[in-house]
Amino acid sequence: MDEIYKPEVIEPRVQEVWDSTQAFAVSEDPAREKFYCLCMFPYPSGACHMGHVRNYTIGDVISRFQRAQGKNVLQPMGWDAFGLPAENAAIKNKVPPAKWTYKNIDVMRSQLQRLGFAYDWQREIATCRPEYYRWEQWLFTKLYEKGLVYKKNAVVNWDPVDQTVLANEQVDSDGRGWRSGALVERREIPQWFMRITAYAEELLASLSEMDGWPEAVRTMQTNWIGRSEGLELDFPIENGNESLRVFTTRPDTLMGATYMAVAAEHPLAVSAAENDPQLAAFLSECKNVKASEAELETMEKKGMHLGVNALHPISGEPVPILAANFVLMGYGTGAIMAVPGHDQRDWEFANKYQLPIVQVITDADGGTVDLSQGAFVSRGKLVNSGDYDGLDFDQAFDAISQFFEQKGTGQRKVNYRLRDWGVSRQRYWGAPIPMIYCEKCGDVPVPEGDLPVRLPEEVEFQGVTSPLKTMPEFYNCKCPICGGDARRETDTFDTFVESSWYFARFACRDSDEAMLDERASYWMPVDQYIGGIEHAILHLLYARFYQRLLRDEGLLDLDEPFANLLTQGMVLRDGSKMSKSKGNTVDPQTLIDRFGADTVRFFVMSDAPPDQSFEWSDEGVEGASRFLKKLWRLVADHVNNSSLSDDFGSLNTEQKELRRQIHLTIEKVTDDIGRRHTFNTAIASVRELINSVGRFEVRSAGDYAVVREAFSVVVQLMAPITPHICHQLWQELGFGDSIIDAPWPVADPSAMAQSEVELVIQVNGKLRAKIRVSADADKTAVEDIALKEENVVRHIEGKSVRKVIVVPGKLVNVVAN
RNA sequence: GCCGCUGUGGCGGAAUUGGUAGACGCGCAGCACUCAAAAUGCUGUGUCCUUGUGGCGUGUCAGUUCGACUCUGACCAGCGGCACCA
């Protein structure tokens, strides 16, 4: 056996073996337990970055581990191929997005192959292929028929110079367009929505049963869905028949409502501005804000009186109405009732505009309430509320709701923060939305037989606008109903649509008869899903929503798509996220060329647990490389000096100790990889074992046999992480041709048993001594030995022993004062 | 602003159920091998002092407990998400 480790020779050779034997191609086998391991597929941005390497190594380790457990493991890979960067590249470099994307896919595929990931490449998907997006177009038309898809106006970032819609990403922090530099405006345009709110209750309810998901993700989704129970009620408008409808979660504070605020786009504000130039100016100023929640919440809150009052629905008192820049037309009713005494934002706004602040809730526990310092937001007892005085939150909620329900001017309502999903994008590089607009027949979905609506791939960009908007050969069409001239939708789908069902399509990616077939029922759900924590809400919620759409369409009988979720942390360097803009990236390709794939895989797994952020270190890679070289050298020494026979015989103390460590390591690594997913601690314990093996002198057949056992175990435990070197070492050691078909080692309890254990002795919680006692020593015996320890005696001198706590097998704590 | 996470040596991290804080690695220092260097191996490495099986020490402040990195409350700092980046 070669004394020198040569990854550049071994790795391509081993990969060739896997490739030629189709080692990771799988099919449905009802006789075996299946395991579907999936990593969030990449956007083909150009080349793999360290975040990809980390993500896909985690998935590969889990997949290979599960395979060694005897399961039928599916691990597919594909490309989330539609998206904005392809258009940006097209505008910059005059290359069609399709061409740019396919080229990137080729580069990244070969990088993933070079890393040795155990993918079933026959199942590869690229979402920009018509064979793929045809089915999401088909599903969209089905959902349209069911009323789960509808059209309404929604706010976008509008660039007045480039005359186009901008993504939040294309608007800089000053609110200016990325190319024109013009101040962007909020503008409303008609867009398609998917009725995710119809599933809000179900999406929320099942979160509590999803044990395989991190608690943090479930909490974030719960808050995102944001179920709240409240009252929707009308405030009559003074001098007219109209009324202003608002929703509140605090009907108990109704008597403290001292003003109303409406969105700049609210019809009431618009009509008031007709004879009020100052107000009109304010309303147009309100439009110069980015359409993002963070922006709206942190900007300076501004308002202006409409000169119109509402009437308080109970007291009949006039309540001023203001237009405010923080109220959005698209959310709720576009209007709010403000209770500055008991809502902090309302309180600040009231102080700024000298609006009255009234206390209507008092602390039920008798604490003082000082509204000059801030709002009192806790629930309490009602005061200054006429007939409702003295009621608590629940009583007031019921009484006030009943009042409005009886009058017919309000009703209790469960509201969700979750809004319907706007899927329209005014962009080119996406799946065309399969709708046709006919003057006679209205909105008409493209009939099934005419699908897919193909996205033309040979296009040229003139400026920033989607080429589809200027291609009559694309948008001119005939109405499927009346046959008259009609116009095709030129918007495309949000790319989250593609990533909301790809996981199921991997089971049957070649099906051209249906979106999904029976193979999906075998493979789904995904047993382990792995991806960035940044997807905790949007992608993961949309995918859960889509799974239910697929279920209700009769395509796949399943509620939740991902049984277990692992959210991976970011890759950092020098304490901040690796990114091109910061110029602190490390190119994985360079590292693979220099150290080999196994070293890169080993390092990214050894540094930190997967759900934590991972700090890049050039020296760390060297350390990983050093370890693999050392492992290779130790095995080579062993193999090249194999004159001794392979027989345990009866074991001496040193041999027993090493065997004990071997089997403890099996137990720990199995738990760390299989249950805890803490690959860093698994690696640490393998390193400890190798350190012991390195120190262990082989002088007898028994020594040789124990060391050989150690190598067989180490190579198997490491195989999921560094599969190439382990494949080779397994053969060199003479254990077999292919380690991927060897079953996972099992810890032997008799090798781990010990007759004596070490106990820690504390006095008042501080370590004072260590003793060795027989493993079955009883409490009293242990206590006696502990109290006689010299250092214990010294520390309890002059004190009396109050209590002795014995934790069997662990410690003794002597409490004395 | 709201929601969520994180905070431990010079650095990445370990301590799994409240029970020895700092496993494992990186870096650094010394030694061995070498004409020399690289590579490799060995030893040491939280901090302070009066060098003792000594004191202190897990972002800050308080609390619960025989015992707290771990649980509770308040605060500080950093990171992620906030619906058109993916």
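Letters A, B, ... are given to chains in the order of the sequence lines, protein chains preceding strands, and every chain is numbered from 1.
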Exercise. Where the side chain of A:Thr219 is defined as all heavy atoms beyond and including C-beta, which of B:A86, B:G4, B:C66 is the nearest nucleotide?
Worked result: B:G4
Problem set entry | Mate of B:A37 where both pairing distances stay under 3.5 Å, Watson-Crick or G-U | none
Exercise. Which of the following nucleotides, B:U20, B:G19, B:A83, is nearest to the side chain of A:Arg417?
Worked result: B:A83
Exercise. Given B:G80, B:A83, B:C24, which nucleotide is nearest the side-chain atoms of A:Met570?
Worked result: B:G80
Exercise. Ring centres of A:Phe82 and A:Tyr43 under 6.0 Å apart?
Worked result: no
For this session: Compute the centroid of each ring, for A:Trp421 and then for A:Tyr542, and state whether the two points are separated by less than 6.0 Å.
Result: yes
Problem set entry | Pair partner, B:C82 [Watson-Crick or wobble, under 3.5 Å] | B:G1
Problem set entry | Of the listed nucleotides B:A14, B:C24, B:C3, the one nearest the side chain of A:Asn680 | B:A14
For this session: Hunt down the Watson-Crick or G-U wobble partner of B:U6, both distances under 3.5 Å, from any strand shown, or write none.
Result: B:A77
Problem set entry | Residue A:His535, side-chain atoms from C-beta onward, closest of B:G67, B:G12, B:A86 | B:A86
Exercise. Would you say the ring centroid of A:Tyr133 lies under 6.0 angstrom from that of A:Phe493?
Worked result: no
Exercise. Whole-Å distance between B:A86 C1' and A:Tyr542 OH?
Worked result: 13 Å
For this session: Assign A:Arg419 to base, sugar-phosphate, or nothing according to its heavy-atom contacts below 4.0 angstrom with the strands shown.
Result: base
Exercise. Does B:G67 have OP1 or OP2 sitting under 4.0 Å from an N or O in the side chain of A:Arg768?
Worked result: no
Problem set entry | salt bridge (Lys or Arg N to Asp or Glu O under 4.0 Å) assessment of A:Asp637 paired with A:Arg633 | CA-CA 6 Å; A:Asp637 283 353; A:Arg633 198 179 55 242; 5.4 Å; no
Exercise. OP1 or OP2 of B:G4 sitting under 4.0 Å from any side-chain N/O of A:Arg218?
Worked result: no
Seminar exercise, completed: Which of B:G55, B:G25, B:A86 is nearest the side chain of A:Asn691? It is B:G25
Problem set entry | A:Arg802/A:Asn817 under side-chain hydrogen bond (donor to acceptor under 3.5 Å, both in side chains): CA gap, chis, key distance, verdict | CA-CA 7 Å; A:Arg802 300 282 167 204; A:Asn817 59 13; 2.5 Å; yes
Exercise. If pairing requires Watson-Crick or G-U wobble contacts with both distances under 3.5 Å, which nucleotide is the partner of B:G63?
Worked result: B:C71
Exercise. 5'-most contact on RNA chain B: A:Leu418 or A:Glu297, nearest heavy atom basis?
Worked result: A:Glu297
Seminar exercise, completed: Testing B:C66, B:G19, B:A86 for proximity to the side chain of A:Gln762, the answer is B:G19
Seminar exercise, completed: Assign each of A:Val217 and A:Leu572 the nucleotide of RNA chain B bearing its closest heavy atom; nearer the 5' end lies the nucleotide of A:Val217
Exercise. Which listed nucleotide (B:U16, B:U20, B:A23) is nearest to the side chain of A:Arg675?
Worked result: B:U16
Problem set entry | Nearest-angstrom distance, P atom, B:G59 to B:G10 | 14 Å
Seminar exercise, completed: Expected label for B:G44 (glycosidic angle, syn inside 90° of 0, else anti) would be anti
Exercise. Using a cut-off of 4.0 Å on non-hydrogen atoms, how would the nucleic acid contact of A:Asp607 be classed: base, sugar-phosphate, or nothing?
Worked result: sugar-phosphate
Problem set entry | Rounded distance in Å - NZ (A:Lys810) to C1' (B:A15) | 10 Å
Exercise. Would you call A:Glu185-A:Lys287 a salt bridge at under 4.0 Å N-O?
Worked result: no
Exercise. Considering every strand shown, what is the Watson-Crick or G-U wobble mate of B:A29 when both distances are under 3.5 Å?
Worked result: B:U43
Problem set entry | Minimum-distance nucleotide (side-chain atoms of A:Thr495 versus B:C56, B:A86, B:C3) | B:A86
Problem set entry | Nearest to side-chain heavy atoms of A:Lys668, which nucleotide of B:C82, B:U16, B:C26 | B:U16
